[in-house]
Peer 1: 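My structure is below; once you've seen it, I'll send some questions.
These values consider heavy atoms only, across backbone and side chains, with no hydrogens, waters or symmetry-generated copies. Nothing fancy with the numbering, it's 1 onward along the sequence. It should be emphasised that the depicted structure is a prediction, and the values quoted were computed from it without experimental measurement.
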Amino acid sequence: MSKQKTKFSCQECGYDSPKWMGKCPGCQSWNTMVEEIETVVRTQGMTSSIPKTKEKAIPIIHIESSSEPRVVTSNKELNRVLGGGIVPGSLILVGGDPGIGKSTLLLQTSFELTQAQQKVLYISGEESIKQTKLRADRLNASSPLLYVLCETNLELIEEAIQETNPDFLVIDSIQTVFHPAITSAPGTVSQVRECTGHFMRIAKGKGIATVLVGHVTKEGAIAGPRMLEHMVDCVLYFEGERHHSYRVLRAVKNRFGSTNEIGIFEMQEVGLVEVNNPSELFLSERPLGVAGSAVVASMEGTRPVLVEIQALVSSTNFPSPRRMATGVDHNRLSLIIAVLEKRMGMFLQNQDAYLNVAGGIKLDEPAVDLAIAISIASSFRDQSTQPFDVVFGEIGLTGEVRGVSRIDQRVKEAEKLGFRRVIMPEKSLKGWTHPKGMEIIGVNTVAEALKAALG
């Protein structure tokens, strides 16, 4: 016996309310409460057919530890982000802007898995079978082990999984799948939560590695309830600028590996191509002998990446100067400008400051502070930096340069690309041996770093 009732659910966080409210009490978002019809099924006198098993608690020292088996693909960048490969039975959520290349990446990965004799089922809820076939022809990704189905009904998808029995499952996308027993529309909180729960049970019960494609909101977060990211094993964000051909695959949650790794791809006519040496790619168009340019050695997980930071400082007649940053935190730029004004005596109150990380990559570690300060001072004084210098270090509010980690990897990457001099914190010089062909300059303050870089 069933009874219907009406509720209002927040499309951002999943908060339920019996009446409509303009502001969600859960996530403080405005105009996100949507009316849904909830069907409550009451069963009387029925017993569950699921057998109940009782497990005993055992000491953790008696539990045998073993590494998770992984399926290693031929895509080294994807293996790096996932922690070494795809774990059977894992549930992976991939999000990104529309048209960024999520479907292209997953179709290429599906084809690569078929080359390792893995059976793949690709469920497309947004494109027809012919559209998927056209993309596969363009990517040269056709295989008899790659099965494609255009379906959004969860029950029919489960039947296809039972018939095909794949090793790898792709759902593109989770917002288009609906459960017939739930009366709300596809993409709502209740539908996304219920469908994800079904796929999680399928993945864990049958050992099928499952990838869910998720839509993103205007703020860049994955649409739907926050619970969606808690249910899955791995959350990947596919980032990139529309005007650049580079794409960055970043892990923000990974139960089987590190969350600091990134994979870098380049979008070409044949699809996404791995970038094995991103530093060389980001520095390929770097101008030499120009004021306002500095190269920083940043760490993305275990990988050192050399990126150019550009700054432009120009006078303004407005009472409040502009501070714009692309690729780094805007608040970090304001902090470093305040340190340069207070500790170095630079009068930047009547100067607009623009900062850009070349290549469209985003840097969020404190080690880029020193390169930002040197590029701003170089543009302000109109003095060019040395073309073969690499800079890294964290800046404190008193003007000191603090030490950073993984010094040897940063310096080796700089040496490999032909740089001759490194300006770095003096506190980080201990405990390692630098290459003989590199000149290492240790600094304790921003003033020493500016003197070494600009003279």
Peer 1: Less than 6.0 angstrom from the centroid, inside 45 degrees of the normal: does R250 satisfy that with respect to the ring of Y237?
Peer 2: no
Peer 1: Step through the shown structure and confirm whether more than 12 heavy atoms of other residues, nucleotides or ligands are within 6.0 Å of CG on D137.
Peer 2: yes
Peer 1: Is the shortest heavy-atom distance from the side chain of R381 to the side chain of L454 under 4.5 Å?
Peer 2: yes
Peer 1: Run the side-chain hydrogen bond (donor to acceptor under 3.5 Å, both in side chains) test on N79 and T73 for me, step by step, so that the C-alpha distance in whole Å, both residues' side-chain angles and the decisive distance to 0.1 Å come before the verdict.
Peer 2: CA-CA 7 Å; N79 294 334; T73 68; 2.9 Å; yes
Peer 1: Counting the benzene-type ring for Trp, do F282 and Y246 have ring centres under 6.0 Å apart?
Peer 2: yes
Peer 1: With rounding to the nearest 0.5 Å, note down the distance linking CG in L146 to OG in S110.
Peer 2: 6.0 Å
Peer 1: Any chance you could lay out the side chain to side chain contact (heavy atoms under 4.5 Å, CB included) test for I171 and V213, step after step, and finish with the verdict?
Peer 2: CA-CA 6 Å; I171 306 297; V213 177; over 6 Å; no
Peer 1: As a test of understanding, state which of I372, V339, T445 forms a side-chain contact (heavy atoms from CB on, under 4.5 Å) with I395.
Peer 2: V339
Peer 1: Does E35 pair with K7 as a salt bridge, N-O distance under 4.0 Å?
Peer 2: no
Peer 1: For the backbone of L78 and the side chain of N75, can you confirm whether one donor and one acceptor N or O come within less than 3.5 Å of each other?
Peer 2: yes
Peer 1: Side chains of S124 and D172: any donor to acceptor distance under 3.5 Å?
Peer 2: no
Peer 1: Are side-chain N/O atoms of T176 and E126 paired as donor and acceptor at under 3.5 Å?
Peer 2: no
Peer 1: Do other residues, nucleotides or ligands put more than 12 heavy atoms under 6.0 Å from the CD atom of E269?
Peer 2: no
Peer 1: Atom CE in M200, atom CG in L91: separation rounded to 0.5 Å?
Peer 2: 7.5 Å
Peer 1: Could you tell me whether R322 atom CZ has more than 12 heavy atoms of other residues or ligands within 6.0 Å of it?
Peer 2: no
Peer 1: Can you find a heavy atom in the side chain of Y15 that is under 4.5 Å from one in the side chain of S29?
Peer 2: no
Peer 1: Any heavy-atom pair between the side chains of D369 and I336 that's under 4.5 Å?
Peer 2: yes
Peer 1: Do T132 side-chain atoms and S128 backbone N/O form a donor-acceptor pair below 3.5 Å?
Peer 2: yes
Peer 1: Is T385 close to V290 at the side-chain level, that is, under 4.5 Å between some pair of heavy atoms?
Peer 2: no
Peer 1: So, D389 and R421, do they make that salt bridge, N to O below 4.0 Å?
Peer 2: yes
Peer 1: Is the backbone of P25 close enough, under 3.5 Å, to the side chain of Q28 for a donor and an acceptor to pair up by distance?
Peer 2: yes
Peer 1: Just by distance, do the side chain of K362 and the backbone of V357 share a donor-acceptor pair under 3.5 Å?
Peer 2: no
Peer 1: One pair to check against side chain to side chain contact (heavy atoms under 4.5 Å, CB included): R247 and L272. What are the steps and the verdict?
Peer 2: CA-CA 8 Å; R247 302 289 187 267; L272 291 166; 4.0 Å; yes
Peer 1: Determine whether M346 and L450 make a side-chain contact, defined as any pair of heavy atoms from C-beta on separated by less than 4.5 Å.
Peer 2: yes
Peer 1: Would a distance-only check, ignoring hydrogens and angles, find a side-chain to backbone donor-acceptor pair under 3.5 Å from H330 to R323?
Peer 2: yes
Peer 1: So F256 and D233, side chain to side chain contact (heavy atoms under 4.5 Å, CB included) or not? Walk me through it.
Peer 2: CA-CA 8 Å; F256 306 109; D233 298 316; 3.7 Å; yes
Peer 1: Looking at R343 and L397, would you say the former's side chain and the latter's main chain have a donor-acceptor pair under 3.5 Å?
Peer 2: yes
Peer 1: Taking atom CD1 of I92 and atom NZ of K253, what is their separation to the nearest 0.5 Å?
Peer 2: 12.0 Å
Peer 1: Measure the shortest side-chain to side-chain distance between F111 and L139 over non-hydrogen atoms and say whether it is less than 4.5 angstrom.
Peer 2: no
Peer 1: Can you confirm if the NZ or CZ of R410 lies within 45° of the ring axis of F392 and under 6.0 Å from the centre of its six-membered ring?
Peer 2: yes
Peer 1: Strictly by ring-ring contact (aromatic ring centres under 6.0 Å, His included), give each pair with a member in residues 362-385 just once, sequence neighbours left out.
Peer 2: none
Peer 1: For the CG atom of D352 and the OG atom of S315, what is their distance to the nearest 0.5 Å?
Peer 2: 8.0 Å
Peer 1: Taking side chain as C-beta onward, heavy atoms only, is I174 less than 4.5 Å from T196?
Peer 2: yes
Peer 1: Are any side-chain N or O atoms of K204 and backbone N or O atoms of G89, one a donor and one an acceptor, separated by less than 3.5 Å?
Peer 2: yes
Peer 1: Got a donor-acceptor contact below 3.5 angstrom from the K76 side chain to the N276 backbone?
Peer 2: no
Peer 1: Are the side chain of S284 and the backbone N or O of L281 linked by a donor-acceptor pair below 3.5 Å?
Peer 2: yes
Peer 1: Is there side-chain contact between Y354 and T326, with heavy atoms separated by less than 4.5 Å?
Peer 2: no
Peer 1: Between the main-chain N or O of P366 and the side-chain N or O of E394, is there a donor-acceptor pair closer than 3.5 Å?
Peer 2: no
Peer 1: List the steps, then state whether side-chain hydrogen bond (donor to acceptor under 3.5 Å, both in side chains) holds for E261 with T302.
Peer 2: CA-CA 7 Å; E261 299 290 350; T302 59; 2.7 Å; yes
Peer 1: I'd like a table of donor-acceptor pairs (distance under 3.5 Å, sequence neighbours excluded) in which one partner is a side-chain atom from residues 303-314, with atom names and distances.
Peer 2:
from : atom 1 : to   : atom 2 : distance (Å)
R303 : NH1    : E77  : OE1    : 3.1
R303 : NH2    : E77  : OE1    : 3.1
R303 : NH2    : E77  : OE2    : 2.7
E308 : OE2    : S293 : OG     : 2.7
E308 : OE2    : Q310 : NE2    : 3.1

Peer 1: Start with the C-alpha gap between I208 and D167, add the side-chain angles, then the distance that decides, and say whether side chain to side chain contact (heavy atoms under 4.5 Å, CB included) holds.
Peer 2: CA-CA 5 Å; I208 302 174; D167 302 304; over 6 Å; no
